[in-house]
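Lettering of chains follows the sequences in order, A, B, ..., and the numbering in each one begins at 1.
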Number of protein chains: 2
Amino acid sequence: MATRSAALESARRPRKSASATAPSVVVGLNAVIVAVTDEVPRVLTVSRTDHALAGGGPADALPFGPLRPEQHRTLERGLRSWARQQTGIRLGYVEQLYTFGDRFRDPRAGQGGPWMISVAYLALVREQQLAGSGEAHWRDWYDYFPWEDWRSGPPSLISQTITPALESWLTQASDMPATRARRERRDIAFGLHRTPWDTERTLERYELLYEARIVGEAASDVGKPTPPEAENLGRPMALDHRRILATALGRLRGKIKYRPVVFELLPPAFTLSHLQRVVEALAGIRLHKQNFRRLVERGGLVEGTGQYDEETGGRPAELFAFRREVLRERAAPGVRLPGPQARV
Amino acid sequence: MATRSAALESARRPRKSASATAPSVVVGLNAVIVAVTDEVPRVLTVSRTDHALAGGGPADALPFGPLRPEQHRTLERGLRSWARQQTGIRLGYVEQLYTFGDRFRDPRAGQGGPWMISVAYLALVREQQLAGSGEAHWRDWYDYFPWEDWRSGPPSLISQTITPALESWLTQASDMPATRARRERRDIAFGLHRTPWDTERTLERYELLYEARIVGEAASDVGKPTPPEAENLGRPMALDHRRILATALGRLRGKIKYRPVVFELLPPAFTLSHLQRVVEALAGIRLHKQNFRRLVERGGLVEGTGQYDEETGGRPAELFAFRREVLRERAAPGVRLPGPQARV
DNA sequence: TCTGATATGCTCAACATGAGTATAAGGAAA
DNA sequence: TTTCCTTATACTCATGTTGAGCATATCAGA
């Protein structure tokens with residue numbers, strides 16, 4: 001108890017100059033800003049030269065900035081302010097994702113060194129022009145996770161590169177039980193051996209690839225150059241940003257099923273095909289069109305506006321809008337994914 | 001960009017003595033440790049005298065300790081170590097809940113004052129003996145949220161106290177649209193006006209009650225004594241700990257539906273009634289027995305052990321065990337709640 | 001008007017769910 | 001030892017939801 005109240009006391013003692021004293025803990029704020037434009041889910045990145053890591057060159061990074069207690073009234077405000085400064089975007093929907101804390105604690109960070117923890121946020125926006133200080137770019141998030149896109153069937157990357165690599169990782173386990181445990185993890189993560197592919201296990205998959213040292217960052221984090229095999233395992237990112245991105249992807253994939261967040265990514269009026277393409281882009285799978293329609297329409301999630309989109313190239317499609325009342329009617333309104341469409 | 005790398009540089013500069021310099025940001029670690037014993041879900045609390053708040057006396061608090069970068073290798077390890085010190089418990093299943101950051105930023109905290117952010121964790125254990133430095137107690141979590149327990153029908157507290165109080169809060173809105181918005185929030189949160197009761201909206205409900213100043217902390221946080229009406233709105237806690245607890249409750253209620261976490265709260269072998277009582281305790285509702293049984297048994301979540309519990313007071317019940325293979329077979333294995341049983 | 005788009009409507013079997021009734025197997029009271 | 005109360009477990013059945021597909025509507029352009 002003594003330790004606890006002592007810490008609180010010292011925390012409460014006012015300081016004279018905020019920026020003069022070296023902070024013992026730096027709190028970083030990271031934003032995963034997502035938009036979807038015609039079939040492709042995009043994430044906003046800035047490019048950054050990472051002194052800390054081997055390999056030197058500029059790497060993709062998430063918009064990031066340290067929390068400034070003197071300026072930022074809350075964590076979320078701090079995040080919004082950094083995002084605005086670096087990308088020019090005023091964020092709308094924002095939710096906290098996860099707080100990452102093991103970073104800078106691996107051997108190379110030095111003993112007794114400072115600690116950086118990052119509070120990561122997920123933001124959903126409609127794609128828009130960029131401005132701000134950083135060189136910000138929208139990027140297809142499947143550039144970072146090519147194995148996550150199953151919209152045109154199971155990616156050959158999995159069977160051709162990942163599975164064999166994981167197979168050899170299996171054999172490196174210390175003993176039989178450890179091998180078994182690794183095999184189970186692999187099968188569940190990648191949907192092998194009559195296990196279904198679970199779209200939400202994105203973080204598990206990335207962490208597995210990291211642990212098996214298949215992915216670029218696994219080498220650069222210990223100061224080695226990226227091995228050539230890692231080339232087609234997605235673009236690497238600075239620090240642990242790809243891990244944060246994997247967390248965001250998984251969270252979003254889960255969330256669209258029980259909360260109407262997709263609509264944050266769509267204009268106020270949209271066709272059902274448009275809605276479906278956005279959901280498919282996020283979930284990384286194809287859906288059965290007629291059933292999808294039935295689900296969102298009869299589920300009360302959308303309502304027709306009476307207006308039509310003539311640009312379809314076929315029969316004009318009715319424009320729909322999000323039906324706000326659904327929030328009252330159903331406990332967990334979202335796009336529960338109807339079974340995937342058979343391979344095209 | 002400049003600001004960003006400058007901050008990183010300063011973070012990287014090693015310090016001489018960790019405890020000598022006043023940290024600008026203190027990172028707190030909070031643990032919500034949950035167990036269930038015969039029908040009642042319990043949370044582990046320590047009692048603590050809160051100098052900062054009016055009202056003086058000792059209040060219930062969650063096990064808490066500041067992150068010590070010099071000692072704790074990761075956030076989670078830090079948390080485990082504090083929990084062990086204060087309660088004597090070695091935590092098993094632990095998951096990160098949320099990072100709370102607006103604390104100590106309200107007017108009374110002083111300008112330019114230090115910042116405390118808290119990273120909260122949820123831990124699930126089987127109830128056990130307590131030890132450690134703190135005066136730790138297991139408490140029924142419905143002591144803190146009496147309106148959340150619907151196991152014997154809708155709590156009269158809601159119709160008798162909460163609804164009227166919220167009604168007057170409605171009328172205090174600045175204009176009509178604001179009133180409308182408040183009414184919608186209230187209806188959705190508390191399942192009024194043909195909106196179903198959503199067991200997972202625990203945080204929304206607590207925050208609503210806080211905003212409407214119905215709950216004890218709303219007064220004490222601005223230095224006033226707790227008004228008498230707040231007496232039956234649950235035990236207050238120190239600081240924002242009740243908010244953290246509400247978050248934990250909601251998260252756990254959601255999670256049991258799609259991940260087999262309930263089994264962390266049960267012994268290796270249990271009867272189906274036992275399992276059901278634990279789920280009901282968490283969800284705060286009664287379930288239809290036969291359907292519950294069908295769900296977990298045919299869903300492959302459990303398997304019979306061939307042994308029987310003779311202590312039932314009726315026909316002996318078979319003992320079941322968690323069936324690990326379900327992790328491979330189904331994407332989101334959990335106790336999807338079968339419809340509530342009609343009021344008894 | 002025919003063809004190729006896309007949108008939208010409708011059907012049907014399989015499966016899941018809500019809400020029971022019926023039967024089994026203990027202990028305790030009569 | 002019979003009756004009754006208790007809890008466990010089995011089975012039923014109407015209804016709802018889902019997967020999968022066929023059928024029809026409405027546009028553009030050949």
Side-chain angles (χ1 to χ4, degrees), chain A residues 38-39 196-197 257-258 269-277 279-280 283 285-320 329-344, chain B residues 38-39 196 257-258 269-277 279-280 283 285-320 326 329-344:
Chain A
D38 22 70
E39 313 251 0
W197 172 261
K257 291 179 192 155
Y258 63 94
F270 45 84
T271 66
L272 294 186
S273 293
H274 186 183
L275 173 60
Q276 182 174 352
R277 279 195 306 273
V279 172
E280 288 176 341
I285 51 173
R286 291 241 161 269
L287 306 173
H288 183 284
K289 183 162 182 166
Q290 295 91 321
N291 290 346
F292 178 82
R293 190 179 188 81
R294 178 174 63 188
L295 216 64
V296 298
E297 216 177 343
R298 302 224 297 198
L301 215 64
V302 298
E303 60 192 348
T305 62
Q307 294 190 289
Y308 288 81
D309 174 10
E310 313 280 335
E311 316 284 290
T312 53
R315 174 172 169 175
E318 184 167 8
L319 289 168
F320 285 77
E329 299 162 358
R330 286 171 36 194
V335 187
R336 255 186 284 323
L337 309 185
Q341 176 74 288
R343 301 285 103 67
V344 189
Chain B
D38 23 69
E39 314 251 1
K257 292 180 191 154
Y258 64 94
F270 46 82
T271 66
L272 293 186
S273 292
H274 186 184
L275 173 60
Q276 180 174 352
R277 279 194 306 274
V279 171
E280 288 176 340
I285 51 174
R286 291 240 162 270
L287 306 174
H288 184 284
K289 183 163 181 164
Q290 295 90 322
N291 291 345
F292 178 82
R293 191 179 186 79
R294 177 174 63 189
L295 216 64
V296 297
E297 216 177 344
R298 302 225 296 197
L301 215 63
V302 298
E303 60 193 348
T305 61
Q307 294 190 288
Y308 288 81
D309 174 10
E310 314 280 334
E311 316 284 288
T312 53
R315 172 173 172 175
E318 185 167 7
L319 289 168
F320 286 76
V326 75
E329 299 161 0
R330 285 172 35 195
V335 186
R336 255 186 282 323
L337 309 185
Q341 174 74 286
R343 301 285 101 67
V344 188

Give the table of side-chain donor-acceptor pairs shorter than 3.5 Å for residues 296-305 of chain B, with sequence neighbours excluded, one pair per line with atom names and distance.
from	atom 1	to	atom 2	distance (Å)
T305(B)	OG1	Q307(B)	N	3.2
T305(B)	OG1	L319(B)	O	2.7

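Put simply, CZ on R298(A) is 16 Å from P on dT8(C), counting in whole angstrom units. Atom CZ of R286(A) is separated from atom C1' of dA20(D) by 18 Å (rounded to the nearest Å). Counting to the nearest Å, the C1' atom of dT9(D) and the CD atom of Q276(B) are 13 Å from each other. As rounded to whole Å, 11 Å separates atom P of dG18(C) from atom CD1 of I285(B). E311(A) places its CD atom 13 Å from the P atom of dA7(C), with the value rounded to the nearest Å. In this structure, L287(A) places its CG atom 15 Å from P of dG21(D), rounding to the nearest Å. Atom-to-atom, CD of E318(A) to P of dA7(C) comes out at 13 Å; the value is rounded to the nearest Å. The CZ-P distance, from R330(A) to dT17(D), rounds to 10 Å in whole Å.
R336(A) is linked by a side chain to side chain donor-acceptor pair (under 3.5 Å) to nothing, counting only residues two or more places apart in sequence or in another chain. Judged as a salt bridge (charged side-chain N to carboxylate O under 4.0 Å, His left out), and not counting sequence neighbours, R330(B) has no contacts. Every residue two or more places apart in sequence or in another chain that forms a side chain to side chain donor-acceptor pair (under 3.5 Å) with E329(B) is listed here: R323(B). With sequence neighbours excluded, the residues forming a side-chain contact (heavy atoms from CB on, under 4.5 Å) with Q276(B) are E280(B), L287(B), K289(B), F292(B), listed by chain and number.
Take the nearest nucleotide of DNA chain C for L319(A) and for G314(A): the residue whose nucleotide is more 5' is G314(A).
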Under-3.5 Å N/O pairs linking protein and nucleotides 9-12 of chain C:
from	atom 1	to	atom 2	distance (Å)
dG9(C)	O6	Q290(A)	NE2	3.3

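Here the closest non-hydrogen pair linking A331(A) and P196(B) is N-CG, 4.0 Å.
Under a 3.5 Å cut-off, the side chain of E318(A) and the backbone N or O of G306(A) do form a donor-acceptor pair.
When distances are taken from the side chain of H288(B) to each of dT8(C), dT9(D), dG20(C), the shortest belongs to dG20(C).
Using a 4.0 Å heavy-atom distance criterion, L295(A) is classed as a sugar-phosphate-only contact.
Here S273(B) does not reach the OP1 or OP2 of dT7(D): none of its side-chain N or O atoms lies under 4.0 Å away.
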